[in-house]
Asker: 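Provided herewith is a single structure, encoded as structure tokens, for subsequent inquiry.
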Amino acid sequence: SLGLDVPQQEVQKRLLTKLKTMATLTTALKLDVLEKLVAEFGYTVKIGEPATPKPKTDSRTNGKAGGLQARPPVVTIMGHVDHGKTSLLDYIRKANVAAKEAGGITQHIGAYQVELPEGKITFLDTPGHAAFTAMRARGANVTDIAILVVAADDGVMPTTKEAIQHAKNANVPMIVAVNKIDRPDANPDRVLQQLPEFGVIPEAYGGQTITVNVSAITGEGVPSLLEMILLQAEVMDLKADPKGEVTGTVVEAKMEKGRGPVATVLVQTGTLKVGDAIVVGSTFGRIKAMADYLGQKITEAGPSVPVELLGLSDVPGAGDRVQWVKDERAAREIAETRATEIRAKTIFQASRGMTRSGLLTKLNAEGLKQLNLIIKADVQGSVEAVKGMLEKLKNEEVETKIVLSGVGTITESDILLANASDAIVVGFNVKPEGGARKEAEKQNVEIRTYQIIYELIEDIESALKGMLEPKF
Ligand code: GDP
């Protein structure tokens, strides 16, 4: 808050139009920007001592401060099927990656980087929020910015809505790419009109969500989409210490004939080097070789750089964390301990059955425990009814929070979200799909289905009282 007598929206507008800076209510502005901003309104800035000095170190560097440097944003593309996620990723890659110069074709390693005069952007190129949620379920938050693709001839669809909820749950800022504007039946304005209903208010309507009209076929608007990504990244002030502790996350991994386990890792802090000993989930190894997304051999990779690496003992899982260790022996020990722990946990979970009493542990700001719920029902009317009643359930100690609600069967992606957000899945007049049921068993996510609404309410009520009995 600037304490000026100016409406907030006006401040944001000036910031964007005059100072090319995007800001939300909670954005910390750089001093020079702040000075120019208040000057816009005829004031000057006088700097006093900060009341509470903020620690300057990034917690992930273990306090080895001082080396923080700007890093490229990591971007994921989400949206409804056929709205153009793959086409957009392909267009951006082709237009910005000089594969021929590099002497080869671009490799699909699960991520790529584009280099623009204003900066670099890292794209995760497994589109869709299933991958995004699977990574989050493992505690990996690699995405800085989500691009929500909405086809201008089709508008907001169920998966669009789901993607919005996933991005919101992960607290990842969203940029909306209204795609297919080259089509004669495209109606981008209609998309903008639809979005507020789902809690996404476009800037055109005085909100804070950037929207860009694009065509993944003609390329129209794509440069300004990239510009907006960089602008958003600048506002977020993304930093990492290339000399700090090495951390990274597996984006993709597979077994390849003749090469062994191959993993694409996104480096998050520090610099990964050939020869380093690492532990990745419950696998380990010494990095034998690394290649970038062009298939070129590289010897080191810093923050936000995706690399394909060889040398692991086994294939890790997407979302597994990479940890640097001093030598291969230490790496093996850590990996083996972890593998044992995972086995023990699996046995424990299996014996625990399907109860999730451990759910009621999340404390919110008021010290209330919170029961997270995902609601799926057969028709919109029942979704609203169930939601309305569950939202009201609350006692002195516990309250409910609805993470997602929607019409349709319980899907695998619901389970992934439930796992990521520690929720139970409640179905009314709907059943889980085969894949969802399997995933739920694997992740130990509880699914409860009902045909009678008062049974549902009663059950959740007793869950809130911590008396939830297992139901098979
Ligand atoms: P995804 O399922 O979201 O990855 O969508 P795809 O990228 O596979 O695109 C689905 C279909 O829409 C394909 O036939 C694309 O050629 C087409 N498409 C994607 N983007 C555009 C666009 O901007 N304009 C037009 N006319 N067609 C597009």
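The first residue of the sequence shown is numbered 1, and numbering continues consecutively from there. Atoms within each ligand, like the ligands themselves, are counted from 1 in listed order.
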Asker: Is it true that a side-chain atom of N419 and a backbone atom of L416 form a donor plus acceptor pair closer than 3.5 Å?
Answerer: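 Here the side-chain-to-backbone pair does not exist.
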Asker: Could you list the residues that satisfy salt bridge (Lys or Arg N to Asp or Glu O under 4.0 Å) with E256, not counting sequence neighbours?
Answerer: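 Testing E256 for salt bridge (Lys or Arg N to Asp or Glu O under 4.0 Å), a comparison that skips the adjacent residues, returns K254, R259.
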Asker: Minimum distance, heavy atoms only, to atom 20 (N) of ligand 1: which one of V214, T159, N179 is it?
Answerer: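 Checking each option, the heavy atom nearest atom 20 (N) of ligand 1 is found in N179.
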Asker: Enumerate the atoms of ligand 1 whose separation from the nearest heavy atom of D82 is less than 4.0 angstrom.
Answerer: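 Going through ligand 1 atom by atom, the ones under 4.0 Å from D82 are 1 (P), 2 (O), 3 (O), 5 (O), 10 (C), 12 (O).
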Asker: Given side chain to side chain donor-acceptor pair (under 3.5 Å), test S413 with E162 step by step and report yes or no.
Answerer: CA-CA 9 Å; S413 126; E162 222 174 89; 2.8 Å; yes
Asker: So, using salt bridge (Lys or Arg N to Asp or Glu O under 4.0 Å) as the criterion, who are the partners of R286 when residues are at least two apart?
Answerer: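 R286: salt bridge (Lys or Arg N to Asp or Glu O under 4.0 Å) contacts with E328.
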Asker: Is a side-chain N or O of T409 found less than 3.5 angstrom from the main chain of T411, in a donor-acceptor match?
Answerer: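 The answer is no, because no donor-acceptor pair under 3.5 Å joins these two groups.
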Asker: Taking only heavy atoms of H83, which atoms of ligand 1 are found under 4.0 Å from at least one of them?
Answerer: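 Per the distance check, 3 (O), 5 (O).
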Asker: Between D182, D185, I181, flag the one that comes closest to atom 26 (N) of ligand 1 by a heavy atom.
Answerer: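 It is D182 that holds the nearest heavy atom.
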Asker: Give the numbers and elements of all ligand 1 atoms closer than 4.0 Å to a heavy atom of A216.
Answerer: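 Per the distance check, 20 (N), 22 (C), 23 (O).
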Asker: Say whether, by atom type as modelled, one donor and one acceptor occur between the side chain of E446 and the main chain of I424 under 3.5 angstrom.
Answerer: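 A pair under 3.5 Å: no.
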Asker: May I ask you to check whether Y450 and F428 place their ring centres under 6.0 Å from each other?
Answerer: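 No, ring centres 6.0 Å or more apart.
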Asker: At less than 4.0 angstrom from any non-hydrogen atom of K85, what atoms of ligand 1 do you find?
Answerer: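 So the answer, numbered in order with elements, is 1 (P), 2 (O), 3 (O), 4 (O), 5 (O), 7 (O).
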Asker: Compare R183, H80, K180 and give the one whose heavy atom is closest to atom 18 (N) of ligand 1.
Answerer: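 When every heavy atom of R183, H80, K180 is considered, K180 comes closest to atom 18 (N) of ligand 1.
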Asker: Select the closest option to atom 8 (O) of ligand 1 among V178, T86, V81, T218, judged by heavy-atom distance.
Answerer: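 Of the listed residues, T86 has the closest heavy atom.
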Asker: Would you check whether G84 has a nitrogen or oxygen atom less than 3.5 angstrom from a nitrogen or oxygen atom of ligand 1?
Answerer: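 By distance alone, the answer is yes.
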